[in-house]
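Fair warning: this is a prediction, and the values are worked out from it, not measured in the lab. Note that the numbering runs from 1 along the sequence shown for the chain.
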Amino acid sequence: MSLVTTTPTPTINDGPIIAEVDMGSDFNALTVRATVIQASTIFYDTPATLDKADRLLAEAASYGAQLVVFPEAFIGGYPRGSGFGVSIGNRTAKGREDFRKYHSAAIDVPGPEVDRLAAMAGKYKVHLVMGVIEKDGYTLYCTVLFFDSQGHYLGKHRKIMPTALERVIWGFGDGSTIPVFETQIGKIGAAICWENKMPLLRTAMYAKGVEIYCAPTADSRELWQASMAHIAHEGGCFVLSANQFCRRKDYPPAPEYVFEGSEEDLTPDSVVCAGGSVIMSPSGAVLAGPNYEGEALITADLDLGEIARAKFDFDVVGHYARPEVLSLIVKDHPTIPVTFTSASTETEEKTK
């Protein structure tokens with residue numbers, strides 16, 4: 001597979017950039033090399049997709065990447081074009097079978113696939129942000145997993161609002177998984193696809209101090225670029241948006257997998273998701289991308305000193321906030337549908 005690397009910022013040296021990790025030193029001296037991966041899932045084949053992720057991470061690490069961001073639903077797949085046999089008041093037998101196969105490709109969190117991803121992050125010494133389809137029993141979630149460069153799993157974000165027909169196949173995340181992780185290369189968080197358009201969610205992330213805002217997506221429209229530029233400028237943060245680049249042949253052939261309403265117009269080489277992955281600076285300027293040409297590694301050097309320069313003008317939850325007029329309450333506790341009182345009683349007994 002031929003991959004393109006875009007590095008619009010000047011190369012500092014011929015070898016990998018080693019981050020200054022002493023956070024007590026001059027913050028402006030910290031430069032992070034970040035890569036967003038634009039590549040397709042191997043649909044219905046999670047082991048093969050993990051192998052592909054390993055190869056892509058190896059290549060990104062060879063260019064000196066310290067942070068690597070994968071697209072939405074890279075592990076497990078984004079079921080573009082599929083209707084899962086759903087109409088109001090009716091589900092089909094084929095749609096139920098499609099869901100069974102999709103559920104089979106999803107992963108448990110924690111689980112063996114998470115362990116393997118952690119091992120990859122440690123092997124290549126990169127911070128890793130990975131889009132997955134998570135299964136919790138028989139409910140699926142569109143989820144982002146976070147790993148540090150030592151190979152530790154840090155936690156997850158579940159998409160809190162699936163879009164349109166996604167709501168048929170994915171559950172809704174709650175306020176307990178809107179993390180921002182403090183790492184050696186900055187504070188990292190993520191929002192997935194159109195939940196990036198939710199102002200209150202963005203505000204919650206800004207309040208947690210996000211510096212490197214990851215936006216895995218399935219939206220390849222040019223309009224998406226405006227959203228990414230706005231978030232970078234509004235939040236005074238770097239924005240890293242990773243999308244898949246897919247052709248029809250990257251999905252199983254019909255009739256096993258059907259693109260509803262367009263299958264007859266598609267050839268194996270038809271582009272069904274054109275990518276558009278991009279890296280934005282805190283001023284809203286494009287650092288790398290967008291790329292609409294094919295699978296690619298899109299890389300830029302992030303000068304974290306740019307964050308302070310941007311927030312001098314506008315700090316949305318700081319000097320530009322008006323809490324006496326406008327405020328936000330985030331319910332960040334887990335929402336559990338069933339609680340057993342016997343379990344809580346046992347816990348109380350143990351603490352006596």
Side-chain angles (χ1 to χ4, degrees), residues 4-38 60-70 121 124-129 146 148-149 180-191 196 202 205-216 225-242 277-291 296-320:
V4 179
T5 300
T6 306
T7 50
T9 51
T11 302
I12 295 177
N13 55 49
D14 293 331
I17 295 176
I18 306 300
E20 174 59 62
V21 298
D22 178 9
M23 300 304 285
S25 63
D26 179 8
F27 185 71
N28 293 337
L30 182 61
T31 300
V32 175
R33 178 159 288 184
T35 295
V36 295
I37 302 292
Q38 180 165 289
S62 75
Y63 294 122
Q66 298 159 268
L67 169 64
V68 181
V69 181
F70 278 76
Y124 298 115
K125 295 180 170 49
V126 297
H127 291 76
L128 172 61
V129 179
F146 301 83
D148 70 17
S149 60
V180 171
F181 296 102
E182 186 160 2
T183 75
Q184 292 179 330
I185 60 170
K187 297 177 181 177
I188 301 173
N196 283 285
R202 297 199 307 269
M205 292 178 63
Y206 301 151
K208 290 188 174 186
V210 66
E211 295 166 339
I212 301 176
Y213 183 116
C214 303
Q225 304 302 316
S227 291
M228 297 300 94
H230 173 77
I231 292 169
H233 193 210
E234 174 184 71
C237 53
F238 291 94
V239 173
L240 282 60
S241 183
S277 302
V278 70
I279 300 176
M280 298 276 187
S281 79
S283 67
V286 174
L287 296 180
N291 182 297
L297 303 183
I298 299 161
T299 299
D301 295 331
L302 314 182
D303 172 10
L304 297 195
E306 286 296 322
I307 297 170
R309 298 179 193 116
K311 287 184 182 290
F312 174 68
D313 294 336
F314 184 81
D315 185 355
V316 67
V317 291
H319 62 77
Y320 228 88

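- Side-chain atoms of Gln38 never come within 3.5 Å of backbone atoms of Ala296 as a donor-acceptor pair (strictly under, hydrogens ignored).
- Using a 4.5 Å cut-off on side-chain heavy atoms (C-beta onward), Ile37 and Leu297 make contact.
- Between Ile231 and Met205, every side-chain heavy-atom pair lies at or beyond the 4.5 Å cut-off.
- Looking at every heavy atom in both residues, Tyr63 comes nearest to Arg33 through O-NH1, 2.9 Å.
- Side chain of His127 to backbone of Ala34: no donor-acceptor contact under 3.5 angstrom is found.
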Exercise for the section: Check the pair Val32, Glu211 against side-chain contact (heavy atoms from CB on, under 4.5 Å), reporting the backbone distance first and the verdict last. Expected result: CA-CA 12 Å; Val32 175; Glu211 295 166 339; over 6 Å; no
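- Scanning all heavy atoms of the two residues, the minimum distance from Val210 to Gly189 falls at CG2-N, 3.7 Å.
- Judged by distance alone, with hydrogens and angles left aside, the side-chain atoms of Arg202 form no donor-acceptor pair with the main-chain N or O of Ala191 at under 3.5 Å.
- Shown here for Phe238 and Ser281, the closest heavy-atom pair between the two residues is CD2-CA, 3.8 Å.
- Annotation: side chain of Phe181 is not in contact with side chain of Asp148 (no heavy-atom distance under 4.5 Å).
- Met228 places a side-chain heavy atom less than 4.5 Å from the side chain of Ser241.
- Two residues are said to be in side-chain contact when any heavy atoms from C-beta on lie closer than 4.5 Å; Val278 and Ile298 fail this criterion.
- Legend: residues meeting side-chain contact (heavy atoms from CB on, under 4.5 Å) with Val317, ordered by chain and number and at least two apart, are Thr203, Tyr206, Ala207, Asp315.
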Exercise for the section: Quick one: do Phe314 and His233 satisfy side-chain contact (heavy atoms from CB on, under 4.5 Å)? Show the steps, please. Expected result: CA-CA 9 Å; Phe314 184 81; His233 193 210; over 6 Å; no
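- In this structure, the separation between CG on Leu304 and CD1 on Ile185 is 8.0 Å, given to the nearest 0.5 Å.
- If you take CG on Leu128 and OG1 on Thr35, they are separated by 11.5 Å, rounding to the nearest 0.5 Å.
- Side chain of Lys187 to backbone of Tyr213: no donor-acceptor contact under 3.5 angstrom is found.
- Between Pro282 and Ile307, the closest side-chain pair of non-hydrogen atoms falls below 4.5 Å.
- Side-chain contact between Gln225 and Met280 is present, with heavy atoms from C-beta onward closer than 4.5 Å.
- In this structure, CG on Asn196 lies 10.5 Å from SG on Cys214, to the nearest 0.5 angstrom.
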Practice task
Any chance you could lay out the side-chain contact (heavy atoms from CB on, under 4.5 Å) test for Asp313 and Tyr320, step after step, and finish with the verdict?
Solution key: CA-CA 9 Å; Asp313 294 336; Tyr320 228 88; over 6 Å; no
Exercise for the section: Mind running side-chain contact (heavy atoms from CB on, under 4.5 Å) on Leu302 and Leu240 for me, showing each step along the way? Expected result: CA-CA 11 Å; Leu302 314 182; Leu240 282 60; 4.3 Å; yes
